[in-house]
Number of protein chains: 2
Amino acid sequence: MSQNQFHDHDHQGCIASALATAEARCAAEGLRLTAQRKRVLEILLEEHRALGAYDILARLSAEGQNAQPPVAYRALDFLVSHGFAHRIERLNAYIACTLPNEGAHMPAFMICRNCDMVAETGRPEAELGLVSEAKNLGFAVERSSVELEGLCPACREARP
Amino acid sequence: MSQNQFHDHDHQGCIASALATAEARCAAEGLRLTAQRKRVLEILLEEHRALGAYDILARLSAEGQNAQPPVAYRALDFLVSHGFAHRIERLNAYIACTLPNEGAHMPAFMICRNCDMVAETGRPEAELGLVSEAKNLGFAVERSSVELEGLCPACREARP
DNA sequence: TTCGGTATTGATATGTTATAACATATCTAC
DNA sequence: GTAGATATGTTATAACATATCAATACCGAA
Ligand SMILES: [Zn+2]
Ligand SMILES: [Zn+2]
Ligand SMILES: [Zn+2]
Ligand SMILES: [Zn+2]
């Protein structure tokens, strides 16, 4: 994969590699990547955008499944809790992790307000600063949600 | 106000000063801090916790107003868009700004998962790092949401 | 292999958060 | 006072998420 999801990249390879990683990690860790969970991950991987649970349900329904809300939420819970996907709080939506090899990590997201694209950044040095800043105040960070909203490179050029 | 909201402080003064600041800024900027907006801000200021729109509606109803959802959301939109309150994405809830003098700013929040207290930190150096990191990727940050979840000082001591 | 516990799925109902749409009231400027 | 803009009242509905319980699939131990 190229530097980040805002730039052109071999997206079929991007999907295949994420799926392969998920299968390998599940096998290694004794997790069950069932058909439903895998299908939801595939749906998330199709685009570098965040999908709502009901978007996923709509896709499943289009494939003939009569999927009800718990179906999507259960699969998403599995994927999120094991680090194969993330929840974007600002959008009430979900996106496949682009760094599933790293296991649990503290991602940061850039959300384009124009085209809805979402890119995940790797290990933002900055975040370590935040965590230690919190520690100085006596607060023990367990999870973080860092989401930046703005214009992606393509949309910046299109409407400067 | 003391260093942050996790520690004891003169909360009546905390409320009064935030209200005074809001009134002053609205006067200076030609904004209308109407009775409803002011009341919602007062409700938010009562505690250093985030309240959902429907929590606010319940308080308004308890005071005799038959307030419907748009009443809360409109007041919250006003308060948030002018920097008197913030939305906590992770909680789908709202909290009064503790730094209303600074006008628009990029806050970071620490959310205690045990007691639901929320503290706002001032100008986290770290965040500047995130923004410049995004810039390097060609992404123009316009808004940010930085929310840390964990245990506040009091809850850390209570259950170590 | 069969049993029994655990994890997953199916299905229905409900809870929670947020906005659309349109009417009415209030304020401000002319 | 009238007109335009802003704010509020009111109803309905969209969008997001979970509770509950029954049925089935899976997996290791007897
Ligand atoms: Zn890709
Ligand atoms: Zn874009
Ligand atoms: Zn206070
Ligand atoms: Zn606490």
Side-chain angles (χ1 to χ4, degrees), chain A residues 22-23 26-41 43-44 49-61 63-82 84-95 111 113 116 118 145 147, chain B residues 22-23 26-27 29-41 43-44 49-61 63-82 84-95 111 116 118 145 147:
Chain A
E23 300 202 313
C26 285
E29 299 173 27
L31 303 173
R32 292 166 61 184
L33 188 62
T34 62
Q36 283 200 110
R37 291 165 174 174
K38 185 174 173 182
R39 185 67 199 113
V40 171
L41 179 56
I43 289 170
L44 289 179
R49 288 176 47 239
L51 296 180
Y54 283 75
D55 293 331
I56 289 166
L57 288 171
R59 281 169 172 72
L60 293 177
S61 290
E63 293 170 6
Q65 289 201 41
N66 178 25
Q68 297 304 307
V71 170
Y73 284 104
R74 285 164 178 161
L76 289 168
D77 283 349
F78 173 86
L79 295 172
V80 168
S81 65
H82 293 99
F84 301 119
H86 300 289
R87 176 178 162 82
I88 309 295
E89 303 289 347
R90 172 138 185 105
L91 303 175
N92 294 329
Y94 304 83
I95 192 163
I111 306 166
R113 66 164 160 82
D116 295 325
V118 176
S145 161
E147 302 173 3
Chain B
E23 301 202 312
C26 285
E29 297 172 29
L31 304 173
R32 291 165 61 184
L33 187 62
T34 61
Q36 283 202 111
R37 291 166 174 174
K38 185 173 172 183
R39 185 69 199 112
V40 171
L41 178 56
I43 289 170
L44 289 179
R49 287 174 50 238
L51 296 181
Y54 284 77
D55 294 330
I56 288 165
L57 288 171
R59 280 169 172 72
L60 292 176
S61 290
E63 294 170 4
Q65 288 201 44
N66 179 25
Q68 297 305 307
V71 169
Y73 284 103
R74 286 165 179 159
L76 290 167
D77 283 349
F78 172 86
L79 296 172
V80 168
S81 66
H82 294 99
F84 302 119
H86 300 289
R87 176 179 162 83
I88 308 295
E89 302 290 347
R90 173 137 184 104
L91 303 176
N92 294 329
Y94 304 82
I95 193 164
I111 306 166
D116 295 326
V118 177
S145 160
E147 302 173 3

Whole angstrom is fine here: how far is it from [atom1] in [X] over to [atom2] in [N]?
X: Gln36(A); N: dC26(D); atom1: CD; atom2: C1'; result: 15 Å
X: Asp77(A); N: dA7(C); atom1: CG; atom2: P; result: 15 Å
X: Leu31(A); N: dC27(D); atom1: CG; atom2: P; result: 13 Å
X: Leu57(A); N: dG10(C); atom1: CG; atom2: P; result: 12 Å
X: Gln65(B); N: dT8(D); atom1: CD; atom2: C1'; result: 10 Å

*What's the spacing between Leu57(A) CG and Leu51(A) CG if we round to 0.5 Å?*
11.0 Å
*Supply the atom-to-atom distance Ser81(A) OG to Leu76(A) CG, rounded to the nearest 0.5 angstrom.*
10.5 Å
*asked:* Using the side-chain hydrogen bond (donor to acceptor under 3.5 Å, both in side chains) criterion, which residues pair with Arg59(A)? Sequence neighbours excluded.
replied: Glu47(A)
_Can you list everything that forms a side-chain hydrogen bond (donor to acceptor under 3.5 Å, both in side chains) with Glu23(A)? Sequence neighbours excluded, please._
Lys38(A)
*Has the side chain of Asp55(B) got a donor or acceptor atom that lies under 3.5 Å from a matching backbone atom of Gly52(B)?*
yes
*Minimum heavy-atom separation for Val118(B) to Ala50(B), with atom names?*
CG2-N, 4.2 Å
*Is the phosphate of dA13(C), meaning OP1 or OP2, less than 4.0 Å from a side-chain N or O of Gln68(A)?*
no
*Bend across the helix from dT1(C)-dA30(D) to dC30(C)-dG1(D), to 10°, with axes taken over 5 pairs at each end?*
30°
*Within-4.5 Å side-chain heavy-atom neighbours: Gln65(B) and Gln36(B)*: yes
*asked:* Within the structure provided, determine whether Ile111(A) and Arg113(A) are in side-chain contact (heavy-atom separation under 4.5 Å).
replied: no
*Verdict with supporting geometry, Val40(B) and Val71(B), side chain to side chain contact (heavy atoms under 4.5 Å, CB included)*: CA-CA 10 Å; Val40(B) 171; Val71(B) 169; 6.0 Å; no
*Could you list the residues that satisfy side chain to side chain contact (heavy atoms under 4.5 Å, CB included) with Arg87(A), not counting sequence neighbours?*
Glu89(A), Asn92(A), Tyr94(A)
Can you check nucleotides 15-18 of chain C for protein contacts, nitrogen or oxygen pairs under 3.5 Å, and list what you find?
{"residue": "dA18(C)", "atom": "OP1", "partner": "Arg87(B)", "partner atom": "NH1", "Å": "2.6"}
{"residue": "dA18(C)", "atom": "OP1", "partner": "Arg87(B)", "partner atom": "NH2", "Å": "2.8"}
{"residue": "dA18(C)", "atom": "OP2", "partner": "Tyr73(B)", "partner atom": "OH", "Å": "3.0"}
{"residue": "dA18(C)", "atom": "O5'", "partner": "Tyr73(B)", "partner atom": "OH", "Å": "3.3"}
{"residue": "dA18(C)", "atom": "N7", "partner": "Tyr54(B)", "partner atom": "OH", "Å": "2.8"}
{"residue": "dA18(C)", "atom": "N6", "partner": "Tyr54(B)", "partner atom": "OH", "Å": "3.2"}

*asked:* How would you summarise protein contacts on nucleotides 22-30 of chain C per nucleotide, using B for base, S for sugar-phosphate only and - for none, with heavy-atom distances below 4.0 Å?
replied: B----S---
*Kindly indicate, with the supporting measurements, whether the criterion side chain to side chain contact (heavy atoms under 4.5 Å, CB included) is fulfilled by Phe84(A) and Leu44(A).*
CA-CA 10 Å; Phe84(A) 301 119; Leu44(A) 289 179; over 6 Å; no
